Number of protein chains: 8
Amino acid sequence: GFANVDLDRTRRTGYPETIYCSGKTKEQILKIAQSIFSKESRVLCTRIDHDKAGYIQEFFQESTFYDNANCLVIGSKPAIDTKSYIAIVTAGTSDIPVAEEAAITAETFGNDVKRVYDVGVAGIHRLFAKLDIIQGAKVVVVIAGMEGALTSVVGGLVNKPVIAVPTSIGYGSNFNGLSALLTMLNSCSEGITVVNIDNGFGAGYSASVINHL
Amino acid sequence: GFANVDLDRTRRTGYPETIYCSGKTKEQILKIAQSIFSKESRVLCTRIDHDKAGYIQEFFQESTFYDNANCLVIGSKPAIDTKSYIAIVTAGTSDIPVAEEAAITAETFGNDVKRVYDVGVAGIHRLFAKLDIIQGAKVVVVIAGMEGALTSVVGGLVNKPVIAVPTSIGYGSNFNGLSALLTMLNSCSEGITVVNIDNGFGAGYSASVINHL
Amino acid sequence: GFANVDLDRTRRTGYPETIYCSGKTKEQILKIAQSIFSKESRVLCTRIDHDKAGYIQEFFQESTFYDNANCLVIGSKPAIDTKSYIAIVTAGTSDIPVAEEAAITAETFGNDVKRVYDVGVAGIHRLFAKLDIIQGAKVVVVIAGMEGALTSVVGGLVNKPVIAVPTSIGYGSNFNGLSALLTMLNSCSEGITVVNIDNGFGAGYSASVINHL
Amino acid sequence: GFANVDLDRTRRTGYPETIYCSGKTKEQILKIAQSIFSKESRVLCTRIDHDKAGYIQEFFQESTFYDNANCLVIGSKPAIDTKSYIAIVTAGTSDIPVAEEAAITAETFGNDVKRVYDVGVAGIHRLFAKLDIIQGAKVVVVIAGMEGALTSVVGGLVNKPVIAVPTSIGYGSNFNGLSALLTMLNSCSEGITVVNIDNGFGAGYSASVINHL
Amino acid sequence: GFANVDLDRTRRTGYPETIYCSGKTKEQILKIAQSIFSKESRVLCTRIDHDKAGYIQEFFQESTFYDNANCLVIGSKPAIDTKSYIAIVTAGTSDIPVAEEAAITAETFGNDVKRVYDVGVAGIHRLFAKLDIIQGAKVVVVIAGMEGALTSVVGGLVNKPVIAVPTSIGYGSNFNGLSALLTMLNSCSEGITVVNIDNGFGAGYSASVINHL
Amino acid sequence: GFANVDLDRTRRTGYPETIYCSGKTKEQILKIAQSIFSKESRVLCTRIDHDKAGYIQEFFQESTFYDNANCLVIGSKPAIDTKSYIAIVTAGTSDIPVAEEAAITAETFGNDVKRVYDVGVAGIHRLFAKLDIIQGAKVVVVIAGMEGALTSVVGGLVNKPVIAVPTSIGYGSNFNGLSALLTMLNSCSEGITVVNIDNGFGAGYSASVINHL
Amino acid sequence: GFANVDLDRTRRTGYPETIYCSGKTKEQILKIAQSIFSKESRVLCTRIDHDKAGYIQEFFQESTFYDNANCLVIGSKPAIDTKSYIAIVTAGTSDIPVAEEAAITAETFGNDVKRVYDVGVAGIHRLFAKLDIIQGAKVVVVIAGMEGALTSVVGGLVNKPVIAVPTSIGYGSNFNGLSALLTMLNSCSEGITVVNIDNGFGAGYSASVINHL
Amino acid sequence: GFANVDLDRTRRTGYPETIYCSGKTKEQILKIAQSIFSKESRVLCTRIDHDKAGYIQEFFQESTFYDNANCLVIGSKPAIDTKSYIAIVTAGTSDIPVAEEAAITAETFGNDVKRVYDVGVAGIHRLFAKLDIIQGAKVVVVIAGMEGALTSVVGGLVNKPVIAVPTSIGYGSNFNGLSALLTMLNSCSEGITVVNIDNGFGAGYSASVINHL
Ligand SMILES: Nc1ncnc2c1ncn2[C@@H]1O[C@H](COP(=O)(O)O)[C@@H](O)[C@H]1O
Ligand SMILES: Nc1ncnc2c1ncn2[C@@H]1O[C@H](COP(=O)(O)O)[C@@H](O)[C@H]1O
Ligand SMILES: Nc1ncnc2c1ncn2[C@@H]1O[C@H](COP(=O)(O)O)[C@@H](O)[C@H]1O
Ligand SMILES: Nc1ncnc2c1ncn2[C@@H]1O[C@H](COP(=O)(O)O)[C@@H](O)[C@H]1O
Ligand SMILES: [Mg+2]
Ligand SMILES: [Mg+2]
Ligand SMILES: [Mg+2]
Ligand SMILES: [Mg+2]
Ligand SMILES: [Mg+2]
Ligand SMILES: [Mg+2]
Ligand SMILES: [Mg+2]
Ligand SMILES: [Mg+2]
């Protein structure tokens, strides 16, 4: 067929290939999903909308569509296989879709996730009220748009790895997330690494790898 | 001569023309300074180095060179003519030269200035330890390089105007201050306005205008 | 719920949280509005369109939708609580929606606002004809797109703080407002501070803080 | 030799090839100059420093080095061959070297030039005081750095072609002249065309072509 | 009303205010048009679509809509009042709408225009075949997208002013016209000045000013 | 007519003018196609959608529309006139439309093409499995979006010319293909040259020229 | 003094404040170092040159300067306190200074580091020859300039966290490391997170945090 | 040692590893050169200055330093092993160093090179005068700075592969070669592929690969 699915990936990297659905037709997604599902017990589809997901779900016995994450998981829900957990923190309410992409990714890969949403620095007491959840995690994902300052504040308060996700929330000189991206790359706090703008999947994946160490 | 000094500026804007010395020869600076000093009791020269300042100082009876601000003030030291004060806050120690340009500008224009330096968000308790000084000011200048996150945190904690100054401190994707500039323009906190990268003069000037309201 | 509304903000900054509605569903806006309105006498919603506003208005006894500002104010109209006024100046007619966002914000927070629209430098006599209104204000907001030159001209003629708002009006190398933004950040006039492209809200907010000093 | 001088240019475009000396050795410049001078009565060298100019001048009977323009003219001074004149206007004193490059270029090509320097919009009365000189010209060159707003103001006040030259004077978000360049390209005034940053030569050349129409 | 039309512009600059219709409602355009038409015999509206133009035309006795230029001219067709003519040259067929905006602008202001379209450098013999028309003009407008190389070739072959208009035709690293804009600003040919991307109006206006010298 | 078709191109460059259909009306495309087809046995139309292609096909006896390449070929299918072949390699499945534009272009110009799709570096064994096909080609086209790393890996493994095509597949800091473009321009492997983002046509054309050497 | 050292940092984040020496005078560095050393058994100074380091070393009994890392460690060499190790991989030899900054940082914080240098994709067999060292690490740091493609290849071959460091090695459209930065942010391989250009320190720090989990 | 030289490269790609000397010490270059020379009969060093070259030359019996190319070739001069030749064309004299890097690279790899320098489009007759040399080549390298328009003109006149090299010659909005780079990537002529700014080596290498087909 048109695609050359990487069916060996679990052996090499520990996880099967995830299907990035943006720009693929529903028929293409289906074929790739079937190919992976023939070897794996679970397939994660990201950036998939309600309609494409509905089409795919008809072909599988068990699957779940996560609306606010734009994710479809084919196969049974995974059990949590770690004792430690991942904290996923957002600055605003508008960052939640990206956070949910990260959360569903991590949960699909067997992680326990705790969500701490809408605690941005404009009202920093909201962060301090949830600090124990954040400090108790094995790895922290911080998701923020606009100027993304929350990352630096969290970075200065924890002794665990922090994965930062800039979002494209904002306008004008935000330049579709560039502002938050630069903030996170230039953070004066230590222990912060960064993924692409709006890349909830990448953050959830890396957090899962770290949480399973 | 070559220059067309704006000797009417005090009448219109309340302050005489300040001499921006970068890229001017010491002879040019001297001529402009003499022209302004013939009508004003005090002249501020910014972006002036030790050597040019020394040359100029020979021609005036009273003058002070501020080394870490790269500023020269010709004429007597001004008295403080306001009851309220300006707080000037920096994230790091490397931001101090820009802060001093702001401070000397504000002091030259008759303001009481309180300095709160090196309280960036990597160790946010340092900010909270000085919060009463900041909250007591009539106007706050926040100066930060790298990702500039301090501005948003301060903005969420005060009910006074905040003037943000991005500095060019940093490297790589800092892009000579672009990172901090975008942070400050996109802040999720309210009441923050921004001046050019490294423009301590502009911040000190605007803070002075507000402090004299 | 999904949101973690900052109900303590009035105590800290003097104003309640404003709801930025772009990218939020009408149900989300309603919940946040109800949460804030339970503690405050007035709620400002910005970047809200006619339809969402209509939905929200059904749930409150008193509210006003400002069409050309894309703002909804829940609660009664505020009284003017200041003697001084804010001048809001635009270069063109296309900048008016941003100006109205600034004006409604300022009026909602108790300010007297005087509007001076369409006085850009292509016909600079229009500015001079209104100069007394501008010079009489306690703080001036200048709003301009394209090349934004009006800001520098106004800055050279007043002795009060000037808040500059670049707009995204223009095309080609305007780069969605970047041109006006850079103009304002690099102004050769003094006393000018800048907010994000199209950020009428931020300018109205900061002007209100200054007008209440 | 290494160079392939365009000795036919006067026939096609009305002017001989000008030597852009930046990045050429003094020996290269000399060879090119000799080649052109063998066919033309005058050779213009731009972006040439004091040392290279001195070396070249030894080889020619008559030549003049213009220090603040970084220009060398080989051959006799040209007579003014036009009745109308070119006005060259700058915003600040730091823009003068670019203005002089334009002026020497225009004068070398036989034009009468009137200089109006340091009349930027921070003190706009300085412009109005010289407006009759500007309005009397057949073509106006406006040269400005920082935010370059002067161009738009002049553009709104004259009925003659305006050639705008952005300069690299400024710092921070000036981005080496980008700010002034964008201002000039996006001007809300009409009748303005633009040349490259610091391109005094190009402006002087185009002004000469227009002045000779 | 909302607008502050510059009714004095003809006296100052020789031409009435043109209405830039993008982003204005048809009612706004009508009011501005009526205000200008009360003092001028002709009104030019640019960036206007078929529908808005139809609405406006109902209110005036005589008017013409130019479809491929997106221009509406209210009032009678102007007579040609110059002996010399303007050549308008394009590189491709896709650049024609911008060229027509320039042509209609110039014709509305009384100029004789000769069109030379689709003569880009990929087939440079097409340019040479029309060179006499181009060389016979008093001023040449060159319009090109993609890499815009045509401008430099024309610039090297004429002794008249060349106004270059970059268009947004292209894709990928064309960056919506940036590529052609930079080409034109950096041209190795002399006598070229540049207007904003897609700014046919500006080029036609400036060409008219020059053609009337 | 409006267009000035380059009917001499085959003589000069070996190939007739290809019609770039984006932004042209179907009537314009038809006229240009008829003009070229009157002199050539085959016409290639790129960036054409299903509807426009259908309209054009009515007017010609023989033609083929390639759906996933957005290409229409008017005239009979060409015979393969070369012994050597071109390998066209993609990193992902989303890059296939660009690859097909390259493939159809090359086939239309008489080349034998071998397709190697979806062998990106995330699963590099897929590349090694097809290495003999790639190494056997006379010229290799590598097409990749996101970070485009495949190009460098292929470049280090072949001794034939490699033409790299960045695609706009990706999001966030991909900046519509800029990321892959910069990767390819800065490759540490040798023998790689680059065409514009998404320019499958250009790659297929250049590969054909090389394959016919 | 001028600095407000964060002496509480070890308690909060597990590590003391590191001194970033670029732009600080040797006297400033000394004071900050003494302040930290009074509470900690070891102080790391980065971006310090030979001369400043020599000055500082006079004031401490035990210290080591790492020439090719531009790092100074004050205090005794730390013991390795982890069983697992960190692999630090570079694409070229020019990336080694950044790699050494990462390595010294990690070693100073008690980690075992294995170096795998100069294995870039232009000769990919060099990478495969060292793959077991890389796959055996608990966390992998990949450092590359130019186009940075090595990161994606490594990312596809390991099941451990990968921290990517773009370097500023390259020229032209490398834009001082932007090219490698974008490559790493847009990698098609999973499990990769990114730090700032040339930020060896940040990578070593984060790797240490992960290696100690 | 520090470097991991790719001694297998000739087998894979047909050419040994070339040493890019910028940023390497003379001792590092020597070691790498000795390692390659132990297996190959010739080593090419690029971006090497006079001093480093002198140091290296002491250690080898036969070597040649090319001053205006900044290249050092260790070993005997290669014989020309092809019948066809490569044409290397520049727009200006300032582009010659990049052209010589390309020429020496191609000659070192056994090619016959014909140089056509200083034939830019400002005087396009210079190009036509040399057209037969260019059209007779098997592959053409076109090197240009400023706006780089020469590439498109050449591209429209030959039926052989054209490799375009943008140079960083220019100033202002040239942005260190970005202008010429974008021109070449967006060329309306076909058959053009592009290498990095100032990358004469890459162009010479690719031209050699094609010339040997
Ligand atoms: N028009 C506006 N522009 C910028 N910020 C705004 C605007 N309206 C409200 N805000 C602020 O945006 C923040 C809301 O973020 P969120 O939690 O995502 O709703 C609050 O701090 C508001 O005060
Ligand atoms: N197509 C156009 N491109 C650029 N400027 C234009 C155009 N058409 C009209 N203008 C100018 O735009 C200004 C109108 O600004 P506004 O007050 O927002 O309508 C006037 O000065 C017009 O002369
Ligand atoms: N440090 C500074 N940053 C920005 N502007 C300044 C600074 N110092 C002085 N200025 C202003 O720069 C302008 C001087 O322009 P010029 O005529 O070139 O000297 C005056 O309006 C000054 O008030
Ligand atoms: N997909 C394509 N991408 C880039 N250029 C193309 C493409 N298809 C055709 N062309 C070229 O674009 C030019 C057409 O420009 P125009 O006169 O505007 O149609 C011709 O030189 C074609 O050879
Ligand atoms: Mg919120
Ligand atoms: Mg500090
Ligand atoms: Mg108007
Ligand atoms: Mg001045
Ligand atoms: Mg065409
Ligand atoms: Mg795939
Ligand atoms: Mg190497
Ligand atoms: Mg030349």
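Note on naming: letters A, B, ... go to the chains in the order of the sequence lines (proteins, then strands), and numbering restarts at 1 for each one. As the structure is a computational prediction, the values presented were derived from the model and not from experiment.
Contact tally against chain B (heavy-atom pairs below 4.5 Å) for Lys24(G), Glu17(G), Arg9(G), Arg47(G): the top residue is Arg47(G).
Taking CG of Asn199(G) as the start and CG of Asn174(B) as the end, the distance is 12.0 Å to the nearest 0.5 Å. The structure places CD of Gln28(G) at 6.5 Å from CD1 of Ile96(B), a figure rounded to the nearest 0.5 Å. Rounded to the nearest 0.5 Å, atoms OG (Ser173(B)) and CG (Asp198(G)) are 10.0 Å apart. Expressed to the nearest 0.5 Å, how far CZ of Phe2(G) lies from OG of Ser94(B) amounts to 9.5 Å.
Both the backbone and the side chain of Ala122(B) come within contact range of chain G, each with at least one heavy atom under 4.5 Å from a heavy atom of that chain.
Side-chain atoms of Asn196(G) come within 3.5 Å of backbone atoms of Tyr171(B) as a donor-acceptor pair (strictly under, hydrogens ignored).
Of all heavy-atom pairs spanning Asp6(G) and His125(B), the tightest one is OD1-CE1, 3.0 Å. Scanning both residues, Arg12(G) and Gly123(B), for their nearest heavy atoms gives NH2-CA, 3.6 Å. Taking each heavy atom of Asn4(G) and Asp118(B) in turn, the nearest pair found is N-OD2, 2.6 Å.
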